[in-house]
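Worksheet: one structure, shown below.
Reminder, nothing fancy here: chain letters follow the sequence lines and each chain counts from 1.
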There are 2 protein chains.
Amino acid sequence: MKKTSLNDIAVELGVSKTLVSLVLNGKGREHRISEKVCKKVIAKAKELNYQPNQIAKGLRTGKTNTIGLIIADIANPFFGKLGREIENEASKHGYRVMFCSSDEKAEKSKQQIEVLQQGLVDGFIISPPTGSEEQILKLEEAKIPYVLVDRFFPEIDSNYIVVDNFLAAYDATQHLIKEGYKKIACVTINDKLVNMSQRLEGYKKALADANIEVAESRIKTLPFSHEKDDVLLAVTELAGGAEKADAVLFTTSKVGVMGLECIHSLGLQVPGNLAVVSFDDPDAYRISNPPVTAIAQPLKEIGSRSVKILMDLMNKRKGKKNPQQVMLKTNFVERSSSKK
Amino acid sequence: MKKTSLNDIAVELGVSKTLVSLVLNGKGREHRISEKVCKKVIAKAKELNYQPNQIAKGLRTGKTNTIGLIIADIANPFFGKLGREIENEASKHGYRVMFCSSDEKAEKSKQQIEVLQQGLVDGFIISPPTGSEEQILKLEEAKIPYVLVDRFFPEIDSNYIVVDNFLAAYDATQHLIKEGYKKIACVTINDKLVNMSQRLEGYKKALADANIEVAESRIKTLPFSHEKDDVLLAVTELAGGAEKADAVLFTTSKVGVMGLECIHSLGLQVPGNLAVVSFDDPDAYRISNPPVTAIAQPLKEIGSRSVKILMDLMNKRKGKKNPQQVMLKTNFVERSSSKK
DNA sequence: CTGAAAGCGCTTACAG
DNA sequence: CTGAAAGCGCTTACAG
């Protein structure tokens, strides 16, 4: 059974496609088409179970009603939750979401953006990996609507929505200091992205402001594509030796989850031997024993606002050209892993 | 700057669109188009940075190269990980993925399927909620390729790929019995889906086979849309009274994660006061203290095989009509939460 | 070896 | 109030 098309209805009713299209798009009144005809068309459409072909519609109107979402990994709960919020908000505006996991690889995200740009989406929400500046600039040039999330490039005047990473790391470190910890370590990843460097800066500044010397030996920078072994090494080093740390700040939940696994496998007590604070707040942190103090990001707000900004861009009125750059506050969730 | 179309290239080169299309689709040889012309076309396409419009191509060929993925919630790590595997495998076949979270609501999944069916996808991978039989039958009638994952409807002769839930629950329960636990509880959800009922049956059968009476008071069936309060009530009841349980099987990770949170907040020791085994294996179970014994599903295989089955269906040769129904084994990961 | 033409299923000026 | 026609950007028989 072939799907019914506009034409099928038109032929059956002996009217034009124009008429049918108009009526079905609710423009009957506007075009002063008689009540009687409208009803007839609508009834017939229902009878034949007419479903407009979105592809054809898209080709004609140049709109797909689809958003392209480029993130590091949809399997990472951080991005999964963000994806869900974006899906919800997009759906309110009649939009669908196509997702691509770039694994933080510039080359991969480049290809994904290029493919989706071939008429498949109306705009993008992107969490851009290191080295993808060029791709973002191309979107800018081509005037494709897009919003960056989670990170941005200071040198590109784009729309973005991020959190105040410096302040979040500063506050978290200060919290550990106030609890009485002195030898506070930081495990982070070797990434040139601003969000990562700002987290490290916030940590350093908090120590400096408290007149605690920043010991480079207590800053562990993991390889960009880090695995559990890398984290284990870092934690082992921090937990032993003369420079032994008494607390640690993990700068992502991926690092934090692996880090806690290592801490447990080494038989260390939290917070007794090592207090812990981590960026992000996955489910795991609530059921960890003790529960982990977390720097929660406002995913709901990041998701919904990024979609709203994108919608604004897609329906942009000429006048409003200045990029929307939003910096949100994180939510510090104090749990027992960081108590003294 | 407008995007370049096939026609632009044709006009610039003074040849027909046919020729350009043929060459760019690698059918130059096949149509014995001269080497020289081919090169010219390819060079010009590159020069103008030609990107074929996928929408137009899709309209003409009737193929979108997109898969519709309907799952409960992309924010749930179980589905996030599955989504990622599906994305990876689909990408190998030149396919993209559009996802929709149905929240286990039949009405929502129905609408999502209907929309995507309007020419937006070539096939579906669906984790169907209770009550969505009708929608699946409609796909069957319309001969839309689809594969069910995680659950299926016994009365519908569809393609599906699931795990052996009965056996998994049976083995897990037997494991607890062997460890010496006698008063084993089960916290599950009120769902008519086969996967859920089979988990409960497996639990009951293992008890029966070990001559342990199945105490209905130790089977807690949560409301379909369960929240933490529901889980807290269930755990509290199990942990107290004369019929006090000494071990518990959680039938989903969502329930399990909430359950562990409650167990900790009630100050119960695991496994001392209550041993724990749970379906699924989120990150949280590894960093929980003690780590949680889990029934891990082979997500990688479910993902890749579901895509492969779908690809087969989409390129189906007439001959092969029998539905592919796959049942995989789960992987029991013994950790200390279930030790005696 | 190459091109003119039809058509996928829509929408939208334009004309009456 | 309604319809004929063009066109979105492709692919693909068909013809020469």
### Message
Which residues pass the side chain to side chain donor-acceptor pair (under 3.5 Å) test with A/Lys44, not counting sequence neighbours?
### Response
A/Glu12, A/Glu47
### Query
Which residues pass the side chain to side chain contact (heavy atoms under 4.5 Å, CB included) test with A/Val326, sequence neighbours left out?
A/Ile161, A/Arg305, A/Ile309, A/Leu328
### Message
Tell me the interatomic distance from B/Asn7, atom CG, to C/dA5, atom C1', rounded to whole angstroms.
### Response
14 Å
### Query
Which residues pass the side chain to side chain contact (heavy atoms under 4.5 Å, CB included) test with B/Asn49, sequence neighbours left out?
B/Gln51
### Query
Does the side chain of A/Glu140 come under 3.5 Å of the side chain of A/Tyr146 through a donor N or O and an acceptor N or O?
yes
### Task
Taking atom C1' in both D/dT11 and C/dT2, compute the distance separating them and give it to the nearest angstrom.
16 Å
### Task
Taking salt bridge (charged side-chain N to carboxylate O under 4.0 Å, His left out) as the test, write out the residues that go with A/Lys81, two or more places apart.
A/Asp283
### Task
Toss me the dot-bracket line for DNA chain D: Watson-Crick and G-U wobble, both under 3.5 Å, 5' to 3', using | for pairs to another strand and [ ] for crossers.
|||.||||||||.|||
### Gap between atoms NZ and P, on B/Lys17 and D/dG7 respectively (whole Å)
11 Å
### Summary
To the nearest angstrom, the CG-P distance between A/Leu6 and C/dT12 comes to 12 Å
### Task
Would you mind reading off the distance between A/Gln118 atom CD and D/dC8 atom P, rounded to a whole angstrom?
19 Å
### Query
When you measure from every atom of DNA chain C, which of residues 54-63 of chain B have a heavy atom less than 4.0 Å away?
B/Leu59, B/Arg60
#### Entry: Heavy-atom side-chain proximity of A/Phe124 to A/Leu139 below 4.5 angstrom
yes
### Summary
To the nearest angstrom, the CG-P distance between A/Asp122 and D/dC8 comes to 18 Å
### Query
What integer distance in Å separates B/Leu48:CG from D/dG9:P?
15 Å
#### Entry: A/Gln111: side chain to side chain donor-acceptor pair (under 3.5 Å) partners, not counting sequence neighbours
A/Glu107
### Phosphate OP1/OP2 of D/dG3 contacted by A/Ser16 side-chain N/O (<4.0 Å)
yes
### Residue pairs fulfilling ring pair (Phe, Tyr, Trp, His ring centres under 6.0 Å) with at least one residue in residues 34-93 of chain A, sequence neighbours excluded
none
### Query
Which residue pairs pass the salt bridge (Lys or Arg N to Asp or Glu O under 4.0 Å) test when at least one of the two sits in residues 147-158 of chain A, sequence neighbours left out?
A/Glu104-A/Arg151
### With A/Lys138 via side chain to side chain contact (heavy atoms under 4.5 Å, CB included) - residues at least two apart
A/Lys110, A/Glu114, A/Glu134, A/Gln135
### Query
Heavy-atom contacts under 4.0 Å between residues 18-27 of chain A and DNA chain D, which residues?
A/Thr18, A/Leu19
### Message
Holding to side chain to side chain contact (heavy atoms under 4.5 Å, CB included), I want the full list of residues that pass it with A/Asn65, two or more places apart in sequence or in another chain.
### Response
A/Lys63, A/Tyr95, A/Arg96
### Task
May I have the distance from B/Ile9 (atom CD1) to D/dG9 (atom C1'), rounded to whole angstrom?
12 Å
